[in-house]
Amino acid sequence: MRKILLLIVSICALVSCREYKVSNDPSLRLTFSCDTLHFDTVFTAQGSATAQIMVYNRNKNALRINRIWLDDGTSFRVNVDGEADLSQLKDITLNGGDSLFVFVRTDIDTTKSNLPVLVTDRLRFHLANDATQDIHLEAYGQDVTRIGKPGCGRTSKIICTLSASKPTLIYDTLVVEGTLTIRPGATVYMHSGACIIALGNVNAVGTKDKPIVIRGDRLDHLFKDVPYLYAGGSWNGFYLQAETSRTWRFEYVDILSGNVGLYCAGFNEGALPQLTLNACRIHNHTLYGLVLVRTNAKVVNTEISNCASYCVYCAGGKHDFLHTTVASYFGNTDVRIQSAVNENTAAVYIDNLSKEKPATVTSFRNCIVTGMRANQLVVATPFDQYYTGSFIGNYLKTDSLAVPHAENNTYWQKTDKAVFRNTYFKYKEYVYYDFHLDSLSPARCAGDSITALPCPYDRDSVSRQNVKPDAGCYQYQP
């Protein structure tokens, strides 16, 4: 036993000697966790999140790093094992099998360009064996129009136009008392906790080729291959409020990953505001997608999907949903990326019980209402037989409706049917939700042909003419 112990000690001593002996072999090299560190688009004059690189000595013997430096040093900041002053990093001995932590962030000055500008640098390592190795650093700097400042609380404007020439970044709360206009192709980034409150008319009209996007301002990743855009709750919401009759118009607008998508509230029963949603997408919110309180609404060719509470909540007013997809699969993922848990609520809740609000008359025509729970459509009304809302040509995950104006609907039969192409997010397979129709979808050809006439094209501009229309905002395409 004593001989065995002595042998083990001798072997450890030999290995230790090899690890701590500095080698000048010109063939030996360091190994990096990446050869090029690429930052996602970074807002200028703001700075990025911090990225990490690992530097390994996978050789048996130690290597000496004479110095570490940046070629340019203007746009990138580096910290090596706690030392931020690269001039102090000289004659570093990295033992065999050991590693260094390198932290990198970028601070890009204003570029005076509306388009993103590429900035690059090289982090260089010169070894005692006269080898020089590089890690390439690159990032795109994007100038933005800033409204407010972090912690400013509230910014008020009488009239506000959000341009498409370069993105807009909104901090905290933007209150627009008059008309809010958002130009085609505009991207509006919302800082954490930020919201828009519109008290006047809204004219947010994009096009298929130049959609308007409203989303959080985190452009980096939660972790590899999972962008922050996939995590709901990154900003507060978009609130429309009206004391008198107002017109709120949204076309080709994507409202993504906040707490609330659109919250519409009128306060004068004699002059309800009018909301129009055409070819929009309200997706991935930790509370509600679309809330209609004392509001008239027309919603066409629109996807409202993945909200932890109601995707659609109606309470007071006349609401017409035509060729709209409402899909509630929030949190159906193999990795925890959400700050909220999916509530046990229906995708659509129609509240016609309140005596304090005008009657709620909601119609769904050639729509899809479905999700993970058993009953995704609730019509809360005192007497079902007197409800005047209509349901025609829909695919509905609910029991047969007891209301009188329900015709030609396809109901969920409690069997596994592939309604959509994909109803989950799988991190390892890089598969994200896709609410276009599956080839075997029961929503195919479920729409009413006469009802579809005012809506001849779907959200993707695919024709519904001369074919049996599908329910929802997407006509099936192989």
Engineer: Decide if the gap between the ring center of Tyr288 and the ring center of Tyr349 is smaller than 6.0 angstrom.
Structural biologist: no
Engineer: Looking only at non-hydrogen atoms, find the nearest pair between Pro184 and Ala164 and report the distance.
Structural biologist: O-CB, 3.1 Å
Engineer: May I ask you to decide if the ring planes of Phe321 and His319 are parallel, tilted or perpendicular, using 30° and 60° as cut-offs?
Structural biologist: perpendicular
Engineer: Quick check: does any side chain N or O of Ser113 sit under 3.5 Å from a backbone N or O of Leu115, one acting as donor and the other as acceptor?
Structural biologist: yes
Engineer: Quick check: closest heavy atoms across Ser328 and Cys307, and the distance to 0.1 Å?
Structural biologist: OG-O, 4.1 Å
Engineer: With a 3.5 Å distance limit and no angle check, can you tell me whether Asn201 reaches the backbone of Thr247 through a side-chain donor-acceptor pair?
Structural biologist: yes
Engineer: Mark yes when over 12 heavy atoms from residues, nucleotides or ligands other than Phe101 sit less than 6.0 Å from its CZ; otherwise mark no.
Structural biologist: no
Engineer: Closer than 3.5 angstrom, by distance alone: can the side chain of Asp172 be matched with the main-chain N or O of Gly153 as a donor-acceptor pair?
Structural biologist: yes
Engineer: With a 4.5 Å limit on heavy-atom distance, are the side chains of Thr106 and Asp121 in contact?
Structural biologist: no
Engineer: To the nearest 0.5 Å, what is the distance between CD1 on Ile368 and CD on Gln376?
Structural biologist: 12.5 Å
Engineer: So if I apply the side chain to side chain contact (heavy atoms under 4.5 Å, CB included) rule between Ser75 and each of Thr120, Asp107, Val119, which one comes out positive?
Structural biologist: Val119
Engineer: Run through Tyr430, Tyr230, Tyr433 and flag the one making a ring pair (Phe, Tyr, Trp, His ring centres under 6.0 Å) with Phe425.
Structural biologist: Tyr230
Engineer: So if I apply the side chain to side chain contact (heavy atoms under 4.5 Å, CB included) rule between Trp235 and each of Asn259, Ile170, Ile214, Asp217, which one comes out positive?
Structural biologist: Ile214
Engineer: What I want to find out is whether Arg459 reaches Asp254 closely enough, with some N-O distance under 4.0 Å, to be called a salt bridge.
Structural biologist: yes
Engineer: Roughly how far apart are Cys160 SG and Leu174 CG, rounded to 0.5 Å?
Structural biologist: 5.0 Å
Engineer: Return yes when atom CZ of Arg183 has more than 12 non-hydrogen atoms of other residues, nucleotides or ligands closer than 6.0 Å, and no otherwise.
Structural biologist: no
Engineer: When you compare the side chain of Leu137 with that of Val104, does any pair of heavy atoms fall below 4.5 Å?
Structural biologist: yes
Engineer: Does a donor on one side chain sit under 3.5 Å from an acceptor on the other, for His136 and Asp35?
Structural biologist: no
Engineer: Side chain of Asn57, backbone of Leu94: donor and acceptor closer than 3.5 Å?
Structural biologist: yes
Engineer: Any luck finding a side-chain donor-acceptor pair between Thr207 and Asp209 under 3.5 Å?
Structural biologist: no
Engineer: Looking at side-chain heavy atoms only, is the closest gap between Leu240 and Cys264 below 4.5 Å?
Structural biologist: yes
Engineer: Can any side-chain N or O of His285 pair as donor or acceptor with the backbone N or O of Ile255 at less than 3.5 Å?
Structural biologist: yes
Engineer: Using a 4.5 Å cut-off on heavy atoms from C-beta on, say whether the side chain of Thr276 contacts that of Val299.
Structural biologist: no
Engineer: Inspect the contact between Asp134 and Arg124 and indicate whether a charged nitrogen and a carboxylate oxygen are less than 4.0 angstrom apart.
Structural biologist: yes
Engineer: So do the side chains of Arg154 and Val175 get within less than 4.5 Å of each other, counting heavy atoms only?
Structural biologist: yes
Engineer: Kindly indicate whether the side chain of Leu229, heavy atoms from C-beta on, has any atom under 4.5 Å from the side chain of Leu256.
Structural biologist: yes
Engineer: To the nearest 0.5 Å, what is the distance between CG on Asn66 and CD1 on Ile92?
Structural biologist: 10.0 Å
Engineer: Begin with the C-alpha distance, continue with both residues' side-chain angles, and end with the deciding distance and a verdict on side chain to side chain contact (heavy atoms under 4.5 Å, CB included) for Thr168 and Thr187.
Structural biologist: CA-CA 6 Å; Thr168 299; Thr187 300; over 6 Å; no
Engineer: State, yes or no, whether a side-chain contact exists between Cys455 and Asn301 at a heavy-atom distance under 4.5 Å.
Structural biologist: yes
Engineer: Between the side chain of Gln142 and the main-chain N/O of Val42, is any donor-acceptor distance below 3.5 Å?
Structural biologist: no
Engineer: Just do the side chain to side chain contact (heavy atoms under 4.5 Å, CB included) check on Val102 and Asn79 with the steps written out, would you?
Structural biologist: CA-CA 6 Å; Val102 178; Asn79 182 303; over 6 Å; no
Engineer: Just by modelled atom types, is the Phe103 backbone N or O under 3.5 Å from a matching donor or acceptor in the Thr50 side chain?
Structural biologist: no
Engineer: Flag the pair Phe420 / Tyr474 as yes when their ring centroid distance falls below 6.0 Å, and as no otherwise.
Structural biologist: no
Engineer: May I ask you to decide if Tyr252's main-chain N or O and Lys210's side chain share a donor-acceptor pair within less than 3.5 Å?
Structural biologist: no
Engineer: Using only heavy-atom distances, determine whether the side chains of Glu343 and Thr345 contain a donor-acceptor pair under 3.5 Å.
Structural biologist: no
Engineer: Any chance the rings of Tyr424 and Tyr329 have centres within less than 6.0 Å?
Structural biologist: no
Engineer: Quick check for you: to the nearest 0.5 Å, what is the distance between Ile196 atom CD1 and Asn236 atom CG?
Structural biologist: 10.5 Å
Engineer: Ignoring hydrogens and angles, state whether a donor on the side chain of Thr74 or Asp72 is under 3.5 Å from an acceptor on the partner side chain.
Structural biologist: yes
Engineer: Give a yes or no answer on whether the side chain of Lys397 reaches the backbone of Gly371 with a donor-acceptor pair at less than 3.5 Å.
Structural biologist: yes
Engineer: Within the 4.5 Å heavy-atom criterion, are Thr36 and Glu138 side-chain neighbours or not?
Structural biologist: yes
Engineer: Before accepting this row, confirm whether a basic side-chain N of the pair Lys166/Asp143 lies closer than 4.0 Å to the acidic partner's carboxylate O.
Structural biologist: no
Engineer: Decide yes or no on side chain to side chain donor-acceptor pair (under 3.5 Å) for Ser27 and Asp25, but give the supporting numbers first.
Structural biologist: CA-CA 5 Å; Ser27 67; Asp25 182 342; 2.8 Å; yes
Engineer: Kindly say whether Arg29 contributes a backbone atom to a donor-acceptor pair with the side chain of Asn59 at under 3.5 angstrom?
Structural biologist: yes
Engineer: Could you tell me if His323 and Asp470 have a donor-acceptor pair between their side chains, going purely by distance under 3.5 Å?
Structural biologist: no
Engineer: Are Phe238 and Leu180 close enough, and set up right, to give a side chain to side chain contact (heavy atoms under 4.5 Å, CB included), and what steps lead you there?
Structural biologist: CA-CA 12 Å; Phe238 201 144; Leu180 170 61; 3.8 Å; yes
Engineer: Classify the ring geometry between Phe39 and Phe76 as parallel (under 30°), tilted (30 to 60°) or perpendicular (over 60°).
Structural biologist: tilted
Engineer: Cut-off 3.5 Å, side chains only: do Ser165 and Ser163 have a donor facing an acceptor?
Structural biologist: yes
Engineer: Are more than 12 heavy atoms from other residues, nucleotides or ligands located less than 6.0 Å from atom OH of Tyr263?
Structural biologist: no
Engineer: Is a donor from one side chain sitting under 3.5 angstrom from an acceptor on the other, for Asp460 and Tyr457?
Structural biologist: no
Engineer: Report the distance from atom CD1 of Ile282 to atom OG1 of Thr324, rounding to the nearest 0.5 Å.
Structural biologist: 9.5 Å
Engineer: By the definition ring pair (Phe, Tyr, Trp, His ring centres under 6.0 Å), identify the one residue from Tyr171, Phe43, Tyr228 that meets it with Tyr189.
Structural biologist: Phe43
Engineer: Which residue, Thr145, Val188, Ile212, forms the side chain to side chain contact (heavy atoms under 4.5 Å, CB included) with Leu162?
Structural biologist: Val188
Engineer: Which value, rounded to the nearest 0.5 Å, describes the distance between Phe125 atom CZ and Gln133 atom CD?
Structural biologist: 8.5 Å
Engineer: Assess the side chains of Asn284 and Ser257: does a donor N or O sit below 3.5 Å from an acceptor N or O?
Structural biologist: yes
Engineer: Given Ile147 and Lys157, is the side chain to side chain contact (heavy atoms under 4.5 Å, CB included) satisfied, shown in steps?
Structural biologist: CA-CA 10 Å; Ile147 298 179; Lys157 291 181 177 289; 4.2 Å; yes
